[in-house]
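Each remark here refers to the structure printed beneath this line.
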Amino acid sequence: MQKIRTRYAPSPTGRMHVGNLRTALYEFLVARHAGGDFMLRIEDTDQERFVEGAIDLINRTLEQTGLTYDEGPDKDGGVGPYVQSERVKTGIYMKYAKELIDKGEAYYCFCDKERLASLKTQVAEDGKTITVYDKHCLGLSKEEIEKNLSEGKPFVIRQNIPNEGTTTFSDELYGDITVENSELDDMILIKSDGFPTYNFANVVDDHTMNITHVVRGNEYISSSPKYQRLYDAFGWESPVYIHLPLITDENHKKLSKRSGHSSFEDLTEQGFLPEAIINYVALLGWSPEDNREIFSLEELIKEFDYHRISKSPAVFDIQKLRWMNGEYLKAMDDDKFFEMAKPYLESSLGDKFDLKKIAAKVKTRIEVFPDIEGQVDFFREVPEYDKGFYTNKKNKIDAAGSLSVLKDVLPLLESSDDYSNDALYAKLLDYATGKGYKNGYVMWPIRIALSGKMMTPAGATEILEILGKDESVRRIKAAIEKLS
Ligand code: GLU
């Protein structure tokens, strides 16, 4: 059997959109699952959309997510160059375009802007107006063409698609798709700057780079019959096509920048882990046989069967991703968690407290690192809070009861020198037993006094330990004053 070869073919136009990341991941998985090759090809022929630094961003993203490629700009596999602008220099696109001209499948077009503008425009499905070329230059004689070329008149090369008949191509998920040729326009293959269009380059490159499976967004479905005609014209076998469903936002609109979380970089900036992002993105359109949701990249490689990709749009649910990220944090090794949480802890608390202890407390309570501030802010300072917090049904305590407990424990805390959690816990338990109080009756008011919050990532004595004697005593005194 032929070795499976896939390619990720990004255009360096900015941040890595979640849709592009999914394409990269699926291409990677299709190859790895079958023991095949995964390639990176940079599609930079659209010079107007080129964004400085975008190639670095692509490389960094693939590195951070573990989508390693076997061949690419910096890893020659014998079918390079792997950057289209460098391929242009080899003359490969022009050579193949001329071959199509010889076969009558393409033609030179010298129409200027004015003439093109005067052509009737047609409204495309997405509301944009498109110009359908009228094949004017197909009627030029050989002599006229030669003359224009020798005079250096600017030209493009167009695909020649007959007005009659149909074209069929096949997609793994959608099956055979047949369109009327009259609906296909004579698209440009080579632009006036000598660069190929994506529409032409993708065919030439996928063939000459021995690509067997093409995974891409379903916005390419409508152009695929034209690509099929090119494969047929050359007598080449087309690759297996897998067109992926749309990714929408929570409002079922195409996921766009406006959502604030449409790119990999947006998500990492918001504190999401690359491995959680990859796991979540894997499920945007694909599902395993069981309901399992947590997958490492290794596990995805094992499980990923592209036949299980769905055709229905996938909704990007940021809450679900938050949940998933939280699962990754919980499972993370404590030291690694501390190392990653440290900058967030330091920005909230400086270096006043034992941050490692605090990290261990918040680890299971946050979904993303930026949640840390909301968990630990009270260590910095007790926020304004409502006296009503001291009333708690479960612990059968109210403000008056709280005041009396706090007055009792103040001297105990003042006289303690061992501020370890264990020692303090034993001491307070002793006091509770002596008074005939339930544990919670004592701990509740202390925790409120120390934190000003109903919910904290740590218990009363754990907070005492972290705050230390001076600060704890100061806070208990302030609470007594508040309640008095
Ligand atoms: N350069 C194209 C893009 O970024 C690639 C599409 C494809 O995978 O063929 O959308």
Side-chain angles (χ1 to χ4, degrees), residues 4-31 36-51 53-59 61-62 67 69 71-73 79 81-88 93 126 169-174 177 187-189 191 195-228 230-231 236 238-247 254-257 262-265 281 284-285 306 309:
I4 287 192
R5 283 173 62 83
T6 65
R7 86 303 193 267
Y8 175 48
S11 302
T13 55
R15 296 192 148 200
M16 171 122 38
H17 189 272
V18 167
N20 288 336
L21 180 60
R22 181 187 59 175
T23 300
L25 174 62
Y26 285 13
E27 297 258 18
F28 171 87
L29 293 174
V30 167
D37 293 334
F38 173 59
M39 175 205 292
L40 173 66
R41 179 175 76 222
I42 301 293
E43 303 208 322
D44 61 345
T45 54
D46 193 345
Q47 303 280 302
E48 279 165 28
R49 290 177 61 218
F50 185 83
V51 171
I55 294 182
D56 291 340
L57 212 58
I58 291 166
N59 287 325
T61 307
L62 294 179
L67 303 184
Y69 48 86
E71 292 172 33
V79 293
Y82 293 80
V83 179
Q84 280 179 338
S85 57
E86 286 170 31
R87 294 175 76 73
V88 171
Y93 305 112
D126 58 6
F169 83 101
S170 185
D171 177 274
E172 277 298 289
L173 308 172
Y174 295 83
I177 296 181
M187 66 176 182
I188 295 176
L189 306 177
K191 295 181 278 186
F195 274 65
T197 54
Y198 161 77
N199 292 324
F200 187 48
N202 89 87
V203 170
V204 170
D205 290 344
D206 285 341
H207 174 76
T208 54
M209 298 172 111
N210 305 322
I211 296 303
T212 62
H213 290 61
V214 166
V215 181
R216 61 182 168 216
N218 66 8
E219 67 270 25
Y220 289 99
I221 282 195
S222 59
S223 308
S224 292
K226 294 186 268 193
Y227 308 154
Q228 187 62 48
L230 294 174
Y231 280 101
W236 296 340
S238 58
V240 172
Y241 286 118
I242 303 163
H243 285 94
L244 304 178
L246 188 70
I247 301 177
K254 189 175 172 180
L255 184 65
S256 73
K257 267 192 196 160
S262 64
S263 74
F264 177 75
E265 292 76 25
V281 166
L284 288 175
Y306 68 75
I309 295 173

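Whatever order the structure lists them in is the order used to number ligands and atoms, beginning at 1. All values below come from the heavy atoms of this structure, side chains included, with hydrogens, waters and symmetry mates left out.
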Would one find an N or O of [X], backbone or side chain, under 3.5 Å from an N or O of ligand 1?
{"X": "Thr23", "value": "no"}
{"X": "Val214", "value": "no"}
{"X": "Tyr198", "value": "yes"}
{"X": "Arg7", "value": "yes"}
{"X": "Asn202", "value": "no"}

Looking at [X] and [Y], would you say the former's side chain and the latter's main chain have a donor-acceptor pair under 3.5 Å?
{"X": "Asp206", "Y": "Ile211", "answer": "no"}
{"X": "Asn202", "Y": "Asn199", "answer": "yes"}
{"X": "Glu27", "Y": "Arg7", "answer": "yes"}

Less than 4.0 Å is my threshold; does some heavy atom of Tyr220 fall inside it relative to ligand 1? yes

Enumerate the atoms of ligand 1 whose separation from the nearest heavy atom of Glu43 is less than 4.0 angstrom. 1 (N), 2 (C), 5 (C)

Over all atoms of both residues, closest heavy-atom pair of Leu67 and Leu21: CD1-CD1, 4.4 Å

Which of parallel (below 30°), tilted (30 to 60°) and perpendicular (above 60°) describes Tyr220 and Tyr198? tilted

Where is the nearest protein heavy atom to atom 5 (C) of ligand 1: which residue, which atom, and how far? Ala9 O, 3.1 Å

Looking only at the side chains, is there a donor atom on one of Glu265 and Thr61 sitting less than 3.5 Å from an acceptor on the other? yes

